Amino acid sequence: MDSTDLPTYIYLHGFASSPQSQKATYIAKCFSSLQIHMKLPDLNQGDFSHLTLTRQIAQVQTEFPPAPSSITLIGSSFGGLTSAWLAQQHSQVKQVVLLAPAFEFLTHWQSKLGQEQMQRWEREKYLPVYHYGQKRSLPLSYEFIRDAGQYHDHQLQRPVPTLILHGIHDEVIPVQASRDFAGTRPWVQLVELDSDHGLGNVMPQLWQEICRFCQVSVATE
């Protein structure tokens with residue numbers, strides 16, 4: 001592929017994470033080894049407390065090159081869900097790679113927290129959430145939940161070539177969520193891995209699958 005034809009690659013980190021996460025830095029380094037630059041926006045925007053899916057979508061849109069340049073999105077967890085919505089809304093997005101995407105995440109959150117804690121969060125407006133990038137708890141506005149309620153996975157129907165990589169031992173977003181998503185969308189490839197939500201033990205395999213799907217390869221002499 002000629003360098004002028006290369007898409008713009010954008011990596012979207014996960015919820016309560018950062019561009020310095022293990023997966024982000026590993027994948028960026030792998031692309032760099034091929035002389036391919038990957039954008040790594042900080043989705044916290046210095047204000048994690050008021051994070052919403054709508055805000056993330058709007059932020060990433062500002063990273064897009066002028067049309068008709070093509071875009072490949074690689075998103076982890078909540079960044080994966082954001083990638084899926086950007087692909088739904090923008091024809092410039094030609095392919096997406098989703099790492100343990102946060103499909104059905106509201107259902108999982110509500111189940112994990114329970115009705116009582118969800119009601120307390122709504123009443124008190126903020127909930128302490130551990131931020132792995134900051135390594136401390138930060139308050140998260142209930143607007144995060146209210147905003148997410150307007151997005152429904154079944155609306156994601158644009159046939160964008162999609163690769164999902166999901167661990168079968170995922171304790172945050174069960175792999176069944178990705179199975180359900182892929183099962184009704186023939187343009188989605190699902191690769192199940194012997195890993196958990198972090199996918200930390202299968203990094204080389206992630207890169208191998210990304211190269212295969214994105215049709216990039218290490219240059220040989």
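Side chains are part of it too, since the values below use all heavy atoms of this structure and drop only hydrogens, waters and symmetry mates. These numbers come from a predicted model, not from an experiment.
- Under the 4.5 Å side-chain heavy-atom criterion for grouping Ile, Leu, Val, Met, Phe, Trp and Tyr, Ile57 is connected to Leu98 within one hydrophobic cluster.
- Under the 3.5 Å distance criterion, with hydrogens and angles disregarded, a donor-acceptor pair is assigned to the side chains of Gln150 and Asp147.
- The shortest distance between side-chain heavy atoms of Leu163 and Arg212 falls below 4.5 Å.
- Ile10 pairs with exactly one of Ile74, Leu86, Leu73, Val93 by the side chain to side chain contact (heavy atoms under 4.5 Å, CB included) rule, that one being Leu73.
- In this structure, Tyr130 shares a hydrophobic cluster with Tyr132, the cluster being traced through Ile, Leu, Val, Met, Phe, Trp and Tyr side chains under 4.5 angstrom apart.
- Put simply, the side chain of Gln157 gets close to the backbone of His154: a donor and an acceptor are under 3.5 Å apart.
- The two atoms that bring His13 and Pro41 nearest to each other are CD2-O, 3.5 Å, heavy atoms only.
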Would you give me the side-chain donor-acceptor pairs under 3.5 Å for residues 114-125, sequence neighbours excluded?
| from | atom 1 | to | atom 2 | distance (Å) |
| --- | --- | --- | --- | --- |
| Trp121 | NE1 | Leu140 | O | 3.0 |

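- No continuous path of hydrophobic side-chain contacts links Val96 to Leu199 [ILVMFWY only; heavy atoms under 4.5 Å].
- A donor-acceptor distance shorter than 3.5 angstrom exists from the side chain of Gln88 to the backbone of Arg158, with no hydrogens or angles considered.
- For Tyr151 and Trp85, the gap between ring centers is short of 6.0 Å.
- In the model, Glu143 has no side-chain atom that pairs as donor or acceptor with a side-chain atom of Thr52 under 3.5 Å.
- The cationic group of Arg185 lies under 6.0 Å from the six-membered ring centre of Phe181 and within 45° of the ring axis, placing it in a cation-pi geometry.
- Side chains of Ser77 and His197: a donor-acceptor N/O pair is present below 3.5 angstrom, by distance only.
- Shortest non-hydrogen contact noted between Leu190 and Ala182 is CB-CB, 4.1 Å.
- Looking only at distances, a side-chain donor or acceptor of Thr82 sits under 3.5 Å from a matching main-chain atom of Phe78.
- Side-chain heavy atoms closer than 4.5 Å link hydrophobic residues (I, L, V, M, F, W, Y) into clusters, and following such links, possibly through other members, connects Tyr142 to Leu113.
- Looking only at atom types and distance, the side chain of Gln59 has a donor-acceptor partner in the side chain of Gln45 under 3.5 Å away.
- Aromatic ring centroids of Tyr9 and Phe31 lie under 6.0 Å apart.
- Checked against the 6.0 Å centroid criterion, the rings of Phe15 and Phe144 qualify as a close aromatic pair.
- Interatomic distance, CD1 of Ile164 versus CD of Glu192, reported as 10.0 Å (0.5 Å rounding).
- Note on Val97: it does not cluster hydrophobically with Phe64, by side-chain heavy-atom contacts below 4.5 Å among ILVMFWY residues.
- Side-chain atoms of Ser83 come within 3.5 Å of backbone N or O of Gly79 as a donor-acceptor pair.
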